[in-house]
Amino acid sequence: HSFLVGYTWENINKKKAKETIAKFDTVAKVDAALADLRKYWDTLLGNYTLDSGDEKLDRMVNIWNQYQCMVTFCFSRSASFFESGIGRGMGFRDSNQDLVGFVHQIPERARERIIDIASTQFPDGGCYHQYQPLTKRGNNDIGGGFNDDPLWLILGTISYIKETGDFGILQEQVPFDNDWSVARSLFDHLSVSFDHVIKNLGPHGLPLIGRADWNDCLNLNCFSNDPNESFQTAENKSEGTKAESVMIAGMFVIYGQDYIELCKRLGKTEEAARAQKHVDAMTVAVKKYGWDGEWFVRAYDYYGNKIGSRENEEGKIFIESQGWCTMAAIGKEEGMCHKSLDAVKERLDTKYGIVLNNPAFTKYYIEYGEISSYPPGYKENAGIFCHNNPWIMIGETVIGRGEQAWEYYKKICPAYLEDISDLHKTEPYVYSQMVAGKDAFKPGEAKNSWLTGTAAWNYYAITQFILGIKP
């Protein structure tokens, strides 16, 4: 027997509903449709296949991780049970990151997405933090000012070019803020993305954080005492700010180098040389002002005080700057990367994954914002934020410690967590945004599965860095 369940908006005219029913009104038609569906997924997931001898690894890489990347690409965070639904829209940052796990599956859709994302950028390189997928226009309610956002466009575009060899996308005319009267080539969009960082530097020569960087809950210009205010949109003390992000600095070095390589391939030698000077200057700034002796500082606050330092009572070390600065190999020759990752192992690693910061915040710090409002061990306050664990995995491969990267991978990979499913709670084949950290009531319990950048970053880490297959 075959049972068909559906819904139509046409309450009076049932024509479309009847046409759909007719497609599946016999067992033979249903069997044929299922065969077509199976063929579709076999083709989609067959572009990258692994036969490692490890059944759990093969299952994740060949099926479930790629499937989750597809779902996350389609919906970003806009259809999540855990987020605010359609009002949230598609994230500029989120959608660019999702590309790295999806681009090999349907490159033409990735190309379209890049153009859509770039079309919400401003002429100065800034961008809307979110946009609506149906109108493809920026979300005015959220606005911009998240100073990591522009760099993600370089990641998304270069990932697409590496996979496809389609340099022609760089000549596509793309509007700013969907205004075709000020359209320029996609390459020019990448250039203003690069320049947005160097035009927004703080007193240490490090990037100003704006409303936040990747960690939306580190709100260094918010200073909110009003429970009704959004931490992400309130900027109560932004004028004269000294709040800088070492994480964005690491990003700038990585994607700045990608931008330089792209310029060289295009014969833009003068632009490559100009960009190299800024990347070199940022590397020097991180070594001088972003190093705390044993690990990388996370940021500087509004007043110019260190965050993520031995000088702090709580939140002495954060995962983000350790990941990005070691991925960028900043200070590798001087031993900084090894020391940084050793500190991660000592201070942030747990049996269930790597926590975001340590020690956890136990009170509200108005100069830090939302991160200190969560209970210890949850979300951005010392939770195991699975999205950023791959940054440490990649960092470990940069310094040649592949076995340690592999151990970190298995700690948050669903296929290796089946024995603790009663604790883990979420689906044993899907990555979750967060796992409760060591300070939580129930360490190891996962939350917010499916729509998370964890999917793309873990696929990126395992395929291109741990397994080492790069386009």
Side-chain angles (χ1 to χ4, degrees), residues 77 80-83 212-220 222 224 227 231-232 247 295-296 298-299 307-310 312-323 340-341 343-393 407-414 416-417 419-428 430-454 457-458:
R77 316 299 175 264
S80 173
F81 288 116
F82 308 103
E83 303 291 355
D213 55 23
W214 171 87
N215 190 336
D216 285 319
C217 297
L218 189 61
N219 318 115
L220 304 183
C222 181
S224 179
F231 284 102
Q232 275 76 54
M247 177 196 153
W295 57 81
F296 292 99
R298 176 61 177 88
I307 300 172
S309 165
R310 291 171 296 178
N312 301 120
E313 180 182 351
E314 298 180 330
K316 291 177 179 292
I317 180 173
F318 284 71
I319 191 174
E320 301 100 321
S321 47
Q322 315 317 315
S340 165
L341 294 171
V344 168
K345 180 65 178 173
E346 177 186 353
R347 295 171 179 266
L348 300 179
D349 186 31
T350 76
K351 64 186 294 187
Y352 302 115
I354 306 167
V355 299
L356 191 144
N357 58 290
N358 183 259
F361 296 112
T362 58
K363 60 183 180 181
Y364 178 52
Y365 292 79
I366 192 170
E367 68 272 27
Y368 292 175
E370 188 173 3
I371 189 172
S372 61
S373 70
Y374 288 115
Y378 290 99
K379 293 285 282 183
E380 284 84 352
N381 186 16
I384 299 164
F385 221 85
C386 301
H387 187 140
N388 54 38
N389 274 225
W391 302 343
I392 299 299
M393 300 174 202
E407 291 303 314
Y408 285 144
Y409 173 81
K410 290 191 293 182
K411 285 188 177 185
I412 64 169
C413 179
Y416 295 93
L417 305 177
D419 292 342
I420 59 168
S421 289
D422 289 344
L423 168 64
H424 194 67
K425 293 289 179 72
T426 57
E427 301 93 329
V430 178
Y431 282 102
S432 298
Q433 179 203 64
M434 189 214 77
V435 175
K438 58 186 178 182
D439 302 291
F441 174 74
K442 189 180 286 188
E445 184 178 40
K447 299 180 184 295
N448 296 27
S449 58
W450 282 104
L451 299 185
T452 166
T454 302
W457 272 105
N458 271 278

Parallel, tilted or perpendicular: rings of [Y] and [X] (30°, 60°):
{"X": "His387", "Y": "Trp214", "value": "perpendicular"}
{"X": "Phe231", "Y": "Tyr364", "value": "perpendicular"}
{"X": "Tyr368", "Y": "Tyr365", "value": "parallel"}

Would you say the side chain of [Y] lies within less than 4.5 Å of the side chain of [X], judging by non-hydrogen atoms?
{"X": "Ser372", "Y": "Lys363", "answer": "no"}
{"X": "Val355", "Y": "Ile319", "answer": "no"}
{"X": "Asn215", "Y": "Leu356", "answer": "yes"}
{"X": "Lys411", "Y": "Tyr352", "answer": "no"}
{"X": "Arg298", "Y": "Met247", "answer": "yes"}
{"X": "Ile412", "Y": "Met393", "answer": "yes"}
{"X": "Phe361", "Y": "Ile371", "answer": "yes"}
{"X": "Ile307", "Y": "Leu220", "answer": "yes"}

Keeping the roles fixed (side chain from [X], backbone from [Y]), state whether a donor-acceptor pair exists under 3.5 Å.
{"X": "Ser340", "Y": "Trp295", "answer": "no"}
{"X": "Asn389", "Y": "Ile354", "answer": "yes"}
{"X": "Gln322", "Y": "Phe296", "answer": "yes"}
{"X": "Lys316", "Y": "Arg310", "answer": "yes"}
{"X": "Asn381", "Y": "Tyr378", "answer": "no"}

Measure the spacing between [atom1] of [X] and [atom2] of [Y] and express it to the nearest 0.5 Å.
{"X": "Leu348", "Y": "Phe318", "atom1": "CG", "atom2": "CZ", "answer": "10.0 Å"}
{"X": "Leu218", "Y": "Glu367", "atom1": "CG", "atom2": "CD", "answer": "10.5 Å"}
{"X": "Tyr431", "Y": "Cys413", "atom1": "OH", "atom2": "SG", "answer": "3.5 Å"}
{"X": "Glu407", "Y": "Tyr416", "atom1": "CD", "atom2": "OH", "answer": "10.0 Å"}
{"X": "Ile317", "Y": "Arg347", "atom1": "CD1", "atom2": "CZ", "answer": "6.5 Å"}
{"X": "Trp391", "Y": "Glu320", "atom1": "CH2", "atom2": "CD", "answer": "6.0 Å"}

I'd like to check the side-chain hydrogen bond (donor to acceptor under 3.5 Å, both in side chains) partners of Thr362; sequence neighbours left out, ordered by chain and number. Glu314
Under the side-chain hydrogen bond (donor to acceptor under 3.5 Å, both in side chains) test, residues paired with Asn219 that sit two or more places apart: none
Give the minimum heavy-atom separation between [X] and [Y], together with the two atoms involved.
{"X": "Ala446", "Y": "Ser432", "value": "CB-OG, 3.6 Å"}
{"X": "Glu313", "Y": "Pro359", "value": "O-CG, 4.2 Å"}
{"X": "Ala382", "Y": "Asp439", "value": "CB-OD2, 3.8 Å"}
{"X": "Lys442", "Y": "Leu423", "value": "CG-CD1, 3.5 Å"}

Quick one: do Lys379 and Asp216 make a salt bridge, cutoff under 4.0 Å? no
Steps toward side-chain contact (heavy atoms from CB on, under 4.5 Å) verdict (Cys386, Val435): CA-CA 7 Å; Cys386 301; Val435 175; 3.8 Å; yes
